[in-house]
Amino acid sequence: MDLSKRKMPGSSRLAPPDAEGIETDRAGRLRLALHHSRYLMQPFRRQRTAMVRQFVGQEYGDVNQRRRTPVNLMRLATTIYRRQVAARAPQALVVPYDDRLAPAAEDLGLEINELLRRIDFETTLAQVVTQSMFGPGILKVGIHPKGDALRDAAGFRRDPGQPFADCVDIDNAVWDMRADSWDKVQFIGDSYELPLDALAELGIEDATPYRGLPITEYGDEKASSLQTQQWAAQRGYVDVARLWDVWCPLDRKVVTFLADDSGGFASARIVRVVDWKGPRFGPYHVLAFETPPSNLMPVAPVASLSDLHEILNGAFVKLANQVKRQKTVTTYQGDGQADAERVRDANDGDILRVETEIDEHRFGGADGPSLAFFMQAKDLASWVGGNLDAIGGLSRVANTVGQESMIARASNMQIADMQETTMRFARRVLEQIAVYVLEDPVTRTKVRKTVPGTDHVYVHETGPDTREGTIDDYQVCIEPYSMQSRTPSERVAAMGELMTNFVIPMAPQLAAQGKTVDFVQFVDLVSRYNNMPELRQIVRDMTPQEKASSAAPAPGGDRPLQSPVTVRRNVRENVGGTGRAGQDSAAMDLLAMGRSNDA
């Protein structure tokens, strides 16, 4: 059902806002500007919903029952990108400009990391990064005041007085579409629902219940409609109203609108205006990867794969239908039915005497050129996506380990820009959270600290008495590689490389400094990461005889003699191409085979 062509009940504004009768007051001009921007965002919302529909595929409710997606390229690429960009929550590293603030900086970093854990920032960041694969990812950061009915009802997961970070959906967002960069927007905001009881406490008793329609005020389908397909919206457990928070940087104010019955600004009215006392960049942070010159809206990273997604699934479904139609039949001529039945009932290897000609015919089956086209399209999708095979570890793309490493590094360079963009985004968010932590006059937090030079961990309490200075006295950074995931196998490989290349060759220098290598601890770590506790049984204490034997000098000198003559042979072997080039060659062979058969 194409909801964008249906007229929304209770609203006739499916056309751009009329410029006639423009309100001259500042509040009226803001309302009209918001109305215009929501209209200009309509095609981008439609494109995003279409890509999300491709992402969820066929097996998601009743949204795509006629669209078979056995090769879900959109979901594959999104998962790979998200894991590469931000697999885990960032860890704050606070560096003071004055060394005298070093202890306070350490406490501030620990307090920020503990707060990120409490508000589950890892999940929120994953949601924002996933949103940014289909358009701009928006994060709203603020502090939840105490004793405010409007804010206390904003979410049961928020604790009064605690900072929050929420992902904002583009269907529920608005920004200045006249701007050509995010630094120049005159307004940006988001919408949310609040119970009518909370509004009544603020003196707003004439709010109209919002029905939660699966379309926007302009009739375009929301991405959330994929799980709410019913046109007639059902009333929820609690009657709610829809409000908009709009941040105006030029005025440094947050304006709250009560939306009309369609959820938009056609007849919205202002219910609250508050001064913004937070950081200068406001409560909204935008994650955008590919932004065209002189334009605000970014190009979604998976947008270039949308057409290939449709082509791949269409080709594969066609091949699957051909395979289903494949059949093998046996034919005979004249009165050879008895011979044909004997052939049918014979076992493999039997010898039969027949009087008539019996033939076996094969019909249908996967078409060679179509299969070659599908393979080429699959390789093209990996290439367009920045070598997804290498980034996601899906298949071997080279014949040697060295070549694989070189290709993996080159592929990672293609997404390095996405990682750096996400790091800048997360760093700005952490700076805002650091401001809230520093200015908090009440909250005390328990963190875990380690005694320098030891493995002893103790509980340390931070609070207003341990916080010193302002945000200008610190540089809030992100711990390197804290956002990337590292599996236990990768940890073992990294430890092995470190031991081989650095620790063991430097053993004499370590001994000169009174240091040694604890191989027992190394084996313990390897057994733990590989989930092989029996590995600890391999390393044991030496017996006295073994100690004496190892301490005795080797016969014939301090070391065994080496043969005076050594021979080294370098053998080069040609290996058939099984990487991308080999796959392309095989596909071309299939294509040529199909054409020769047609001829």
Side-chain angles (χ1 to χ4, degrees), residues 1-9 11 13-16 37-69 72-79 81-82 126-139 167-175 177 189-193 210-233 242 244 259 262-264 286-290 295-311 313-314:
M1 178 175 58
D2 188 0
L3 300 180
S4 63
K5 297 181 180 179
R6 299 194 59 173
K7 191 172 181 179
M8 183 165 47
S11 176
R13 293 186 177 271
L14 297 183
S37 291
R38 282 286 294 175
Y39 175 77
L40 293 176
M41 293 170 59
Q42 184 177 1
F44 297 98
R45 292 193 298 263
R46 285 201 301 260
Q47 293 167 359
R48 172 181 171 273
T49 300
M51 288 188 291
V52 173
R53 186 182 293 274
Q54 292 176 325
F55 172 82
V56 300
Q58 179 187 11
E59 304 300 329
Y60 190 84
D62 297 331
V63 297
N64 290 326
Q65 290 300 312
R66 297 183 180 180
R67 302 176 64 178
R68 299 167 60 187
T69 53
N72 199 321
L73 177 63
M74 299 290 280
R75 187 185 305 169
L76 175 67
T78 301
T79 303
Y81 290 151
R82 185 186 62 80
Q127 293 173 349
V128 174
V129 172
T130 302
Q131 294 277 5
S132 66
M133 299 300 163
F134 303 91
I138 307 171
L139 185 70
C167 178
V168 177
D169 193 279
I170 186 177
D171 290 333
N172 302 325
V174 63
W175 51 77
M177 289 293 289
D190 74 302
S191 64
Y192 51 93
E193 298 175 359
Y210 178 67
R211 291 173 292 171
L213 295 175
I215 58 176
T216 67
E217 66 271 29
Y218 286 106
D220 48 296
E221 184 181 9
K222 295 181 180 179
S224 59
S225 66
L226 300 181
Q227 65 178 4
T228 55
Q229 283 295 295
Q230 296 297 325
W231 171 257
R242 193 166 186 83
W244 288 84
S262 66
V286 180
L287 178 60
F289 292 118
E290 298 291 340
N295 282 271
L296 182 71
M297 290 296 295
V299 177
V302 298
S304 58
L305 298 174
S306 179
D307 290 340
L308 284 170
H309 174 90
E310 296 292 338
I311 292 173
N313 285 281

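Treat the numbers as computed from the prediction; the structure is a model and nothing was measured.
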Is there a side-chain contact between Leu226 and Val56 (heavy atoms, below 4.5 Å)? yes
Which heavy atom of Ala77 sits nearest a heavy atom of Leu305, and at what distance? CB-CD1, 3.5 Å
Atom pair CG/CD1 of Leu73 and Ile311 - distance to nearest 0.5 Å: 10.5 Å
Just verifying a value: how many Å separate Leu287 CG and Cys167 SG, rounded to the nearest 0.5 Å? 10.0 Å
Check the pair His309 / Val302 against side chain to side chain contact (heavy atoms under 4.5 Å, CB included), numbers first and verdict last. CA-CA 10 Å; His309 174 90; Val302 298; over 6 Å; no
When you compare the side chains of Ser306 and Gln54, does any donor N or O come within less than 3.5 Å of an acceptor on the partner? yes
Which heavy atom of Ala300 sits nearest a heavy atom of Met51, and at what distance? CB-CE, 3.9 Å
Could you tell me which non-hydrogen atom of Ala173 sits nearest to which non-hydrogen atom of Trp244, and how far apart they are? C-CZ3, 3.9 Å
How long is the gap from CG on Asn313 to CZ on Arg68, to the nearest 0.5 Å? 10.0 Å
Side-chain donor/acceptor of Arg242 to backbone N/O of Ser262, under 3.5 Å: no
Lys/Arg-Asp/Glu bridge criterion (N-O < 4.0 Å) met for Arg48, Asp169: yes
Side chains of Glu193 and Asn172: does their closest heavy-atom pair fall under 4.5 Å? no
Do the side chains of Pro298 and Glu290 get nearer than 4.5 Å, heavy atoms only? no
Indicate yes or no: at least one non-hydrogen side-chain atom of Asp190 is less than 4.5 angstrom from one of Ile138. no
Less than 4.5 Å apart, side chain to side chain, heavy atoms only: is that true for Met133 and Phe55? no
Please round to the nearest 0.5 Å and tell me the distance separating atom CE of Met297 and atom CD1 of Ile170. 4.5 Å
With heavy-atom distances below 4.5 Å as the criterion, would you say the side chains of Met74 and Val52 are in contact? no
With the side chain counted from C-beta on, respond yes when Lys222 and Thr216 share a heavy-atom pair under 4.5 Å apart, and no when they do not. yes
If you measure from CE on Met41 to CG on Asp171, what distance do you get to the nearest 0.5 Å? 8.0 Å
Contact summary for Pro301 and Phe289, nearest pair of heavy atoms: CG-CD1, 3.7 Å
So, for Val286 and Pro136, which heavy atoms are closest and what is the spacing to 0.1 Å? CG1-CB, 4.1 Å
How far does OH of Tyr218 sit from CD of Gln42, to the nearest 0.5 angstrom? 8.0 Å
Does any part of the side chain of Arg53, heavy atoms only, come nearer than 4.5 Å to the side chain of Glu221, both counted from C-beta? yes
Where the side chain of Thr78 meets the backbone of Arg75, is there a donor-acceptor pair that is under 3.5 Å apart? no
